[in-house]
Amino acid sequence: MQDNLERQLVDAAAAGDIESFGELCGRYYGPMVAIAYSVLSDHQLAEDAAQESFARALVNVTRLKNRARFAPWLAAICRNVARDMVAVKARRIDAADIAQAAPQSGQDENGMLIRRAIERLPAAARESIVLRYYNNMSYEEIASVSGISRAAVNGRLARAKRKMAKYLKRNGFPESRL
Amino acid sequence: MKADKDYNKLDELISQTIGREVPAFDFGKWKDNHRAETEIFKSQTAGRATSRSVRIFDESRAIVKSRTGRLAAAAVIVIAISAAISYFGGSTNGTAAVYAAATKALQNVRTVHVSGWTTCLRPHIRAELLDTSTRYTVERWEWVTEDGGYRRYTRTGHVTGWDDGDRLYSYDEHDDILYTRKSPAQTSHIEYFQSVMGLLSRLKDKGLQVTEIGTRTIGNRQAKGWRIVESDDKREDMWLDVQTNLVLEINAHVLDQGQLKQVRHSTCTYDQNVPVNIRDSVPPVAQTVNYSPDLDPAFEKWNARLREIAAYYQQHPLPETMELLPRESEENFRGHPRGRLRAITNATGHRVWPVQSTLEDFLRPNVKPCGSVCVPEELRTMKLNYDLVARTEPTPRERADFVLNALGLEIIGVTEQRKVWVAHYDGRPLKPWQEVTAPVPRGDARHTMPGMASGRGRKSVRELFEDFAYYQDYHLSADGIIIVDETGLPSRPAEGQSAGSVAVSSVSPYWRGDESIPIARKWFKEQFGITFTEEMRPMTVHIVRRQQ
């Protein structure tokens, strides 16, 4: 839910107060990085995507009609930016891309299996999982950013975890550890 | 099937795998990097005092008050919609048909050559995109081999890339680093020629504005142009051969501080012979080679070893519980824990744990509580060179006991007076765990020093204490400091709560050596209000010895 302060910040930003816009960016940087990460699976690119979405949001915030839905609007921009970056990645194999694929320290087989299980989820479920665990957001916060109800978030997360558990079990992950 | 609330362990595993501290957002820096947007925003909002929106609203209200005004307004709306349909494209202006024709034409092509320039290597980063001070030469060849395979050579500035059908390489000349990963399998012609296909697919992207921009001659070819508008300030003009439907030229522009700047220019030619020096070009021998996990030679050797073990069990019975297989080679290679055995693991659950270290290194993470294990000096450096095959998921302690037994060793518990730190908590409200970081920032340090973050992820007080004892008694002599937790802070989640509910820190610091002690005392006190008093207490020590 959008609080009063946030509504005031959005109104002030739309009226030309750039510092209010900065406050909003600070509030939503973490969630936007998480949303972009759910698309890109790359921490560095996810941060780039979040910052680029703020750029797009800044030049369009004056045209935002429903100011009560600032967060879902920003999230939609961020998803689009991240998807564009996937297209760019697909067309261009550069050093930075491959560097990100280098082994992470401490990444074991379990970690890779879990990553694969997350990547196989439908986009919306993947996003909810990443928001919850990448950024440790509460159900209310996820609901606010995603523009859905808390119950819907609960349902999405439960279904996503069921799917992940099924995939992990099928791939030899011991049930006792789930 | 498990109820959702029972996936607590999965919660923790996901959190450990993807959980991450997002760095703080610096709006000042961001504004410096996004001056163009900031300027646009200022210009958009500077005139708001004149209330342009109110003025328009007033005018429109005046129009709808009269009948003729209403008719005129309706006519304007019809014209505006027609203009918008014509401008925004989609299927109404035939872009879907253009895409289909261009894709079809591409299917008969064997070679694509793209040459030109770009102003940035990472176009998705706007700050770099707007810096048009440097133009990097772009040279890209993509071709289909005689046996139908796909190959690619690209050179953009100091970065050169190859796709040899098996692997992708990318060489960064500035850093002398060669990155390599597996080549994605291209199974259909449409997946080839990504340089052109990626652009063509934008013609049918409903989220973009596509409009015709007329015709012109490029070389001796007649070309028809399409403008693809991605946002108010980004556009690409694509010119397609009128006869062949193939892309001939692309020019990309961005709007920066009211000025349209060209950021990319590409010309495309088809079915030229690939120059021999390009066709036969191979990645250089670089100072540093960076592999993706599936190609890392260390893992390749481990995977070969797993295949060897799987072959062994085609001829021998699988163990009911565990079996320790000696390795013939002493070559030390990295292996991921719990390796899978081809055609065995899925059916029986058997997995393999590499046991290739000194006894000390093997026991340190596997026998808890940390700081309680005592291995005589003559046994500590005993070299283990085995693979442990286990049917079910043994606990680390079960694995340790099995290996020790196989080596003729055992663990006995004795009670000894030990110096301990008794931890007390002053009851202050704890900060959110995400705000608790390591006492010593890592910076650019190449080696981990006392106080720097060692492990990341949600950590409870109990885990922090265990990690402290782990490092303080690193050589398993059972004489390091161990912590007795009398803080009263929860160490395990309550019924129905996730492991995150007992987290107090986002990192576990590295506490090896005596120099760690004052840093640790200060950190625990400042971050959590936890202080320590030294005492002697009877504690169980786990002594490793030869079986009697």
Side-chain angles (χ1 to χ4, degrees), chain A residues 15-16 18 21-22 25-26 29-30 33-34 37 43 45 47-49 51-52 54-56 58-59 61-62 80 84-85 87-88 90-99 101-103 107-112 114-115 118 129-130 133-136 158 161-162 164-165 168 172 174 176-178, chain B residues 2 4 7 9-11 13-15 17-20 22-23 25 27 30 34 37-38 40-42 44-46 48 121-126 154 156 159 161 163 168 170 172 177 179-181 194-195 198 207 231-233 290-293 296 336-340 345-346 349 351 393 434 500:
Chain A
I18 195 159
F21 184 79
C25 293
Y29 185 54
V33 172
Y37 181 81
H43 301 297
L45 285 181
E47 286 178 29
D48 291 343
Q51 301 210 13
E52 177 63 20
F54 292 153
R56 292 194 192 175
L58 180 65
V59 294
V61 70
T62 54
N80 287 336
D84 286 354
M85 284 166 69
V88 168
R91 294 206 299 269
R92 177 180 293 270
I93 305 299
D94 66 19
D97 288 339
I98 300 184
Q107 171 136 317
D108 60 12
E109 197 190 358
N110 284 350
M112 283 196 266
I114 287 164
R115 274 177 201 283
I118 294 170
I129 284 279
V130 174
Y133 298 97
Y134 183 95
N135 204 40
N136 197 40
K161 280 193 275 184
R162 266 203 299 273
M164 284 183 69
L168 290 169
S176 61
R177 297 201 56 198
L178 293 174
Chain B
K2 283 189 174 198
D4 301 331
Y7 285 121
K9 288 180 189 167
L10 182 58
D11 282 343
L13 287 168
I14 302 171
S15 185
T17 305
I18 65 165
R20 187 180 164 91
V22 178
F25 179 68
F27 190 55
W30 182 89
H34 294 86
E37 286 82 1
T38 310
I40 292 169
F41 175 73
K42 281 180 185 165
Q44 281 173 343
T45 52
R48 292 187 93 74
L121 299 174
R122 295 185 294 174
H124 50 273
I125 298 179
R126 189 164 176 82
T154 58
T156 308
V159 178
D163 182 345
L168 288 177
S170 178
D172 187 321
I177 296 181
Y179 297 94
T180 176
R181 69 179 182 195
Q194 295 158 23
S195 49
S231 58
D232 287 351
D233 53 354
N290 197 322
Y291 296 94
S292 58
D296 193 315
H336 37 76
R338 298 173 67 245
R340 296 168 61 83
T345 299
N346 282 355
R351 297 276 189 148
E393 174 87 2
Q434 299 93 328

* Asked: What's the shortest heavy-atom distance between Leu58(A) and Phe41(B), and which atoms?
  -> O-CD1, 3.2 Å
Kindly compute the distance separating [atom1] ([X]) from [atom2] ([Y]), expressed to the nearest 0.5 Å.
| X | Y | atom1 | atom2 | result |
| --- | --- | --- | --- | --- |
| Ile129(A) | Leu10(B) | CD1 | CG | 7.5 Å |
| Ile14(B) | Ile118(A) | CD1 | CD1 | 5.5 Å |
| Phe27(B) | Tyr29(A) | CZ | OH | 13.5 Å |

* Just do the side chain to side chain contact (heavy atoms under 4.5 Å, CB included) check on Tyr134(A) and Thr17(B) with the steps written out, would you? => CA-CA 9 Å; Tyr134(A) 183 95; Thr17(B) 305; over 6 Å; no
* Does Ser15(B) have any side-chain contact (heavy atoms from CB on, under 4.5 Å) partners at least two apart in sequence or in another chain, and if so, which? -> Tyr133(A), Arg458(B)
* Structure fact -> The interface call for Val130(A) against chain B, heavy-atom contacts under 4.5 Å, is both
* Asked: Just wondering, do Leu13(B) and Leu168(A) contact through their side chains at under 4.5 Å, heavy atoms?
  -> no
* Structure fact -> Across all chains, not counting sequence neighbours, the ring pair (Phe, Tyr, Trp, His ring centres under 6.0 Å) partners of Phe54(A) are Phe25(B)
